[in-house]
Structures are given as structure tokens and as C-alpha cells.
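Reading through the C-alpha cells given below for one structure.
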Amino acid sequence: MNRILVTEKIATEGLDVLRQAGNVDVRLDLDKPTLLSIIGEYDALVVRSATKVTAEVITAGERLRVIGRAGTGVDNIDVEAATRRGIIVVNAPASNNVAVAELTIGLLLCLARRIPQAHASVQSGRWARNDFIGWEVRGKTLGLVGLGRIGSEVARRARAMEMEVIAYDPVVSFDRAEQLGVTLVTLDELVQRSDVVSLHVPLIESTRNLFDRERIMQMKRGSYLINASRGGIVDEVALVEALDSGHLAGAALDVYAQEPPPADSPLIGHPKVITVPHIGASTKEAQLSAGTEMAAGVVTALTG
Ligand code: NAD
């Protein structure tokens, strides 16, 4: 009988699918030493994003044949180490496109109208209507860095709001971009033209610190940055400097270099920054489809 270890909360429907392939043990919030001491008993390991499946964990998992990731990004898994051992890594790539795209649009509108700040102002007993003169997204240029599954869904929604959408993605064809009503440009052109830049690339070596000081300073004066992809893509110190100097007008972040960010992070309490706690994929629909899509892949890998 296969044994499957689940270390993070996934949809009940996903657990039901996993049970078709063996016994499922749900052990939430395992610390690293405990995970290392028990992983050797399991044929499959199922995680979301918090469990770090390092080479050490993979080596200790002597029986492991498959690692399931209920979600998209696999940067918490050492895929190379897994592949070397012949372990299959299964994720759910399509499950949260819409959830992240809708959050991105939400953050865009929050930047334009300063909705979180306006809410906080009313809640503190003020009625400062003149402090909240915003701007309309219609006619503004949105620059998407990455036009994959999520970037494409953001593009569709931004086009529906009559934005001009430009994108930089080295593997996307002109035909595909045209279908989405998006103009492909170079990264230099994108940052120079966009009123709002939104990041939708994976965290890989070529994107780590892609938005460093130099790139941020290339952005149009008074523009905005949205990051609902991965924290390591933006240099947070350079971002805060650009906000403080007035070069950038605002930023909205779902992801951080360190999660949660330390209490003394300059991003916390910054008047020009909107922060949410990595909730891009946190919708009922995305959780359900992440759990079931990944579980089906794990079952196939164990039994197929
Ligand atoms: P995807 O693979 O469909 O698309 C990523 C795109 O980025 C690809 O088209 C690729 O060609 C492009 N790309 C890669 N390197 C690039 C570079 N240097 N410059 C420009 N483009 C580049 O992935 P996706 O499903 O759209 O997800 C994008 C990212 O969103 C994920 O990798 C993940 O990090 C993040 N994500 C975040 C959340 C969240 O909760 N906030 C949830 C899911 C995914």
C-alpha cells in the first residue's frame, strides 16, 4: 500500500482523490527535523508553498516516487535533486490563473483609487474626500512582465477596462499577443512606457532581482509597480528608495523577499505601499482545483 504524506492544507476533495492511490497522512506544520525523520516511510509527499522540499528532504525520502505541489510555482522544491533521483514533481499549473489575475486587478484599482488608505481614513473617524482624488485606469498603459497563464488573464481583464496593454515575454509569439490585444515590447521599452508595471514571471535565476535599482529607476517617473509573482524578483530596498524619492508613486505587493516580512521592514506601514499576505491563489475555486488537479497527477504517478 502506498503511503502519502500531506504537510499542508489542501482541499478535502483533493485528499479524497489521493486516497485512491494509498493511505494519506495529513501532518500539518511539521518542523524540519520531524519531516526529515519520517519522510523515509512515504511514497509521495504533498505540499503547497510553505514546506521547503530541499535536497536533504529528497535524499531522506528513500521511498519517494512523487512530490505533489498544490499550486503553480515549484520554487520551494529542489526539482533538480528530485529529477536526479527519478522522483516526479507534479503541480497544478492552471489552477490559480484567474485567482491571481483578479487579485492583480484588485491591487491595480487599489493603487488608482487608494481604496485601502481611504478605508483606513474613514475608520479612523476622518471624512477627507479631497485627500482621495485618484486616477482612472482607462487609457493608461499597463506593462506586463511575463505573458504566460496569469499574465494573459490579467491582459484580458485590463483590455476590458480599456487599458493599453504592452508585455515583455521572450517566448510568447506575436500572434498570441495579438489575440490578447497586447503589444510585445522589449523590457527597456516596457518600463519606460508603462504607467503601471505588473510582474508575472517565475522566480528563476534570470528573474531574481530583475527589478533591481537600475531597472526600477528606468521606470517612468510617477508610475506604479505591482508584484503578485514572487518576492525575490524585486529589490525591496531599491523599491522603498524609489517610493521615498518620489520616483515611483506607489507599489502593491502580494509577495515578499521574506514571508512574512520582518516587522521592521520599511514596506510595513509605508504610506505608498499596499500589502496583502500572499493571497493570490487564495480563492475557494483555486484551492479546489489546485488540490484536485495535483492529486490526479500524484495518483497517476503512483499507480499509472
Ligand atoms: P507561466 O509559466 O504560465 O508564465 C510565466 C511566463 O513568464 C512565461 O510565459 C515565460 O516565458 C515568462 N518569462 C520567464 N522568464 C521571463 C523573463 N525573464 N522576462 C519576461 N518573461 C519571462 O506561469 P504563470 O502560471 O503565469 O505564473 C507566473 C508566476 O506567478 C509563477 O511562476 C508564480 O511565481 C506566480 N504565482 C503567484 C501566486 C500568488 O499567490 N501570488 C500564485 C500562483 C503563481
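We number each residue from 1, following the sequence as shown. As a basis for the values below, the full set of heavy atoms in this structure was taken, side chains included, without hydrogen atoms, waters or symmetry mates. Note that ligands are numbered from 1 as they come in the structure, with each ligand's atoms numbered from 1 the same way.
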*Would you mind checking which non-hydrogen protein atom is closest to atom 4 (O) of ligand 1, with the distance to 0.1 Å?*
Gly148 CA, 3.3 Å

*For His278, take its heavy atoms, then give the atoms of ligand 1 lying under 4.0 Å from any of them.*
39 (C), 40 (O), 41 (N)

_For Gly146, the ligand 1 atoms whose distance to one of its heavy atoms is below 4.0 Å_ = 7 (O), 21 (N)

*To which protein heavy atom is atom 15 (N) of ligand 1 closest, and what is the distance rounded to 0.1 Å?*
Thr207 CG2, 3.9 Å

*For the residue pair Met163 and Leu108, what are the closest heavy atoms and their distance?*
SD-CD2, 3.7 Å

*Arg113 CZ: over 12 foreign heavy atoms closer than 6.0 Å*: no

*May I ask you to list the atoms of ligand 1 that are less than 4.0 angstrom from any heavy atom of Pro170?*
19 (N), 20 (C), 21 (N), 22 (C)

_According to a hydrophobic-cluster definition based on side-chain heavy atoms being under 4.5 Å apart (Ile, Leu, Val, Met, Phe, Trp, Tyr only), do Leu103 and Val255 belong together?_
no

*Applying the side chain to side chain contact (heavy atoms under 4.5 Å, CB included) test to Lys52, which of Leu35, Asn76, Asp75, Val47 qualifies?*
Asn76

_Minimum non-hydrogen distance to atom 42 (C) of ligand 1, winning option of Asp254, Val74, Val100_ = Val100

*So which protein heavy atom does atom 9 (O) of ligand 1 come closest to, and at what separation?*
Asp169 OD2, 2.6 Å

_Shortest heavy-atom approach to atom 31 (C) of ligand 1 - which of Gly232, Ala290, Pro202, Ala99_ = Pro202

*asked:* I need the atoms of ligand 1 closer than 4.0 Å to a non-hydrogen atom of Gly280, numbered in the order shown.
replied: 39 (C), 40 (O), 41 (N)

*asked:* Please determine whether the number of non-hydrogen atoms from other residues, nucleotides or ligands lying under 6.0 Å from atom CD of Glu178 exceeds 12.
replied: no

*In plain terms, say whether Lys140 and Glu136 are close enough for a salt bridge, that is, a side-chain N and a carboxylate O under 4.0 Å apart.*
no

*How many angstroms lie between atom NE2 of His200 and atom CD1 of Ile233, to the nearest 0.5 angstrom?*
10.5 Å

*Residue, atom name and distance, where the atom is the protein heavy atom closest to atom 36 (N) of ligand 1*: Arg230 NH1, 3.7 Å

_Identified side chain to side chain contact (heavy atoms under 4.5 Å, CB included) counterpart of Gln218 within the set Arg215, Glu214, Lys220_ = Arg215

*asked:* Closer than 4.0 Å to some heavy atom of Tyr168 - which atoms of ligand 1 meet that?
replied: 19 (N), 20 (C), 21 (N)

*asked:* Taking 4.0 angstrom as the limit and counting only heavy atoms of Ala281, give me the atoms of ligand 1 inside it, by number and element.
replied: 40 (O)

*Give the numbers and elements of all ligand 1 atoms closer than 4.0 Å to a heavy atom of Ala228.*
37 (C), 38 (C), 39 (C), 41 (N)

*Assess the side chains of Ser198 and Thr104: does a donor N or O sit below 3.5 Å from an acceptor N or O?*
no

*For atom 23 (O) of ligand 1, what's the nearest protein heavy atom and its distance?*
Arg149 NH2, 3.9 Å

_Sidechain N-carboxylate O distance under 4.0 Å for Arg63, Asp43_ = yes

_Nearest option to atom 30 (O) of ligand 1, as decided by whichever heavy atom of Val255, Ile150, Asn96 sits closest_ = Ile150

*Looking only at protein heavy atoms, identify the closest one to atom 5 (C) of ligand 1 and say how far it is in Å.*
His200 O, 3.6 Å

*Do me a favour and list the nearest non-hydrogen protein atom to atom 29 (C) of ligand 1 with residue, atom name and distance?*
Val201 O, 3.7 Å

_Quick check for you: to the nearest 0.5 Å, what is the distance between Arg159 atom CZ and Leu180 atom CG?_
9.5 Å

